[in-house]
Each structure stands twice: as C-alpha cells, then as structure tokens.
Amino acid sequence: MKLYFGVDIGGTQTKTALVSEQGEILDKRSFATAAERGLDDFSRRVRAELDLAVRAAGVDPADVQAVGVGVPGFLDVEQGVLVEAVNLGWVNLPLVRVLADATGRPVAMENDANVAALGEAWIGAGRGAKSVLCATVGTGVGGGIVIGGRLYRGVNGMAGEIGHLTVRREGGHRCNCGKLGCLETEASASAIIREARRLQAEGKLPQDGPIDGAEDVFALWRAGHAAAAGVVREAARWLGYGLALCAITLNPDAIVIGGGVSKAGEAWLALVREAFVEYALPLVVEAARFQLAELGNDAGVIGAARLAAHHVESL
Ligand SMILES: [Zn+2]
C-alpha cells in the first residue's frame with residue numbers, strides 16, 4: 001500500500017492527513033501552527049503527527065512514501081525554499097530540507113491555493129475534467145490551474161495567481177501587492193466586509209450588530225436587505241469578470257470555486273456565473289462546468305498528498 005502525508009499549513013492551524021493512492025483519508029488531525037516557535041520546532045511536530053497518524057491508522061510506517069506541503073506564501077520550489085509567508089512571519093527558510101530531515105521522507109511543497117486546486121481536480125469538483133481552473137475565495141483570492149491532472153505552475157510558480165489580476169482600473173482599492181483594484185481587493189471576504197462596514201457607517205445597513213465576517217453580510221442579504229445584496233452582488237460580479245478573463249485564456253472544462261466565501265452557496269455562485277457569462281465567450285461558457293468546491297477544508301491536505309505522489313514519481 002502506498003500512502004502519502006499531506007500537510008496544509010495555515011496561519012493559526014496546520015492540518016495533516018494520511019492519504020491513500022486513491023485519495024481516501026485514513027487519518028486526519030490538526031495542531032496549532034505556532035510559527036513563532038520556528039521551523040525546526042514545527043518540523044518536529046509534523047513528524048510527531050505523522051507517527052501518530054500511522055499508529056492510529058494501523059499501517060506500516062514504510063508505506064508512507066512522501067510528504068506534501070501546502071504553504072501560505074511565496075516559494076522557490078526548485079530550491080525548496082520558502083521565500084516569504086507573511087502570515088507566518090517566515091522568510092527565506094529551507095523548508096523542504098528541514099521537513100525531509102525531520103520526517104525521513106521526500107518532501108514536496110506548493111502554495112496553498114495550488115494544492116487545494118490539485119485536490120479538487122483530483123477527487124473533488126473537478127474530477128474527470130481535462131483542465132481545471134480553481135479559485136479560492138476567502139480573506140484573499142487564490143487560484144490554481146491543473147491540466148491533465150498535473151499542476152500548471154508556470155516558469156516560477158506564479159501561474160494561477162488570479163487574485164492579482166487588475167480587474168478594477170477605476171475606483172479600485174489598494175492591494176497588499178501594492179497595486180490598485182486587484183481581484184482580491186474587490187471580490188474577497190475582506191472586500192465584502194470593507195464595503196458593508198462603509199455602508200453601515202453611512203447608515204445604509206442595519207446597526208444591529210458589528211460586521212465581523214462576510215457571513216454577517218450574507219445573512220443580511222438572505223434576510224432581504226437591499227444594501228447588503230448590493231455588496232454581495234458587486235463582489236460576485238468582480239469575481240465572475242476575473243474568472244471570465246482566465247477562462248478565455250485557458251478554455252477549461254471545469255471552473256471550481258472554493259474558500260470561505262463559497263460557503264455562501266449556490267445563490268452566490270449564480271451571481272458569479274451571471275457576470276462570467278456576460279464577459280466570457282459563449283463557446284468558453286458552454287465548455288466549462290461551473291461549480292462549488294466539494295472537498296471543503298480537506299482540499300489542502302488531499303492536494304498536498306497528491307503533490308507528494310507526483311513528486312515521488314518524478315524522483
Ligand atoms: Zn494585488
């Protein structure tokens with residue numbers, strides 16, 4: 001039996017899973033990332049989780065072929081170096097070498113949006129499709145492209161960074177990347193919260209509670225508040241527009257949308273699709289099934305395990 005250990009590093013929690021060749025999760029757990037304790041400490045804890053998982057699943061440790069890691073940051077995959085992960089406060093770390101030493105296994109890494117895309121394309125909403133465009137819409141907007149079951153990385157891993165497509169040239173907001181009007185600043189949960197708070201301050205949204213998350217705005221939308229509906233619709237339209245630009249370039253047969261905002265469900269997806277249809281070419285629209293992600297929080301660990309399998313094949 002060939003098994004792979006998927007690791008999905010998050011700003012607060014790190015998720016791990018022991019995954020079979022078929023994508024079945026044999027064991028799943030999570031721990032506090034505590035990035036401030038450093039990479040060596042983190043790697044030792046990953047090893048401990050791997051050992052626990054092997055014991056809990058009752059499998060032979062020798063069956064675990066490799067470790068795949070999804071990282072929220074910019075990476076130099078060829079050198080195995082994490083260049084910068086702002087949320088972790090990690091800069092220029094030899095992540096692959098340190099994790100390989102700690103786990104005693106080959107290690108492959110990718111950014112978190114790419115591993116989620118790989119997971120969804122493998123056994124999630126994109127399964128069976130030849131080319132899959134995945135968007136992860138949460139605090140930011142990430143993306144990943146999977147062609148023929150393989151991640152398409154581009155020359156230095158920047159392929160699919162759709163969050164930084166400039167979609168709004170006038171009236172756009174400042175992005176962390178330094179530009180104005182990125183897809184991420186107009187379509188993400190942060191965008192929805194920002195706009196809702198602005199309307200609340202202007203007295204156009206009910207004051208019966210603070211806007212803590214995008215879900216508060218979605219709740220107001222469902223309750224029939226017109227201003228909240230406007231905010232949701234506007235953000236969904238920017239996303240649909242950005243996806244149309246990508247789809248015309250890629251002509252994929254599946255477009256999969258996940259991340260926290262996608263929990264708003266089919267009614268929100270319909271708004272996104274409306275704009276997508278408006279801006280994409282009819283034959284592009286016809287070719288692409290357009291759907292919500294299916295793996296939820298497991299997409300990262302499953303995709304990381306798949307990445308590990310591809311890595312072993314390439315050795
Ligand atoms: Zn940007």
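Quick note: numbers below take in every heavy atom, side chains included, and nothing from hydrogens, waters or symmetry partners. Order of listing sets the numbers, starting from 1, for every ligand and every atom in it.
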Do T14 and T33 get their side chains close enough for a donor-acceptor pair, meaning under 3.5 Å?
yes

So which protein N/O/S atoms does the Zn ion (ligand 1) have within less than 2.8 Å?
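Protein N/O/S atoms under 2.8 Å of the Zn ion (ligand 1): H164 ND1, C175 SG, C177 SG, C182 SG.
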
Running the 4.5 Å side-chain criterion over Ile, Leu, Val, Met, Phe, Trp and Tyr, what cluster does I248 land in, apart from itself?
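Other cluster members: L281, V284.
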
Pairs where residues 283-300 contributes a residue and the test salt bridge (Lys or Arg N to Asp or Glu O under 4.0 Å) is met, not counting sequence neighbours
K28-D298, R127-E294

Considering only residues two or more places apart or on different chains, which pairs with a residue in residues 302-314 satisfy salt bridge (Lys or Arg N to Asp or Glu O under 4.0 Å)?
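Residue pairs passing salt bridge (Lys or Arg N to Asp or Glu O under 4.0 Å), neighbours aside: R150-E313.
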
When you measure from the side chain of T166 to the backbone N and O of G181, does any donor-acceptor pair fall under 3.5 Å?
no

Heavy-atom donor-acceptor pair, E110 side chain to V71 backbone, under 3.5 Å
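Answer holds: no.
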
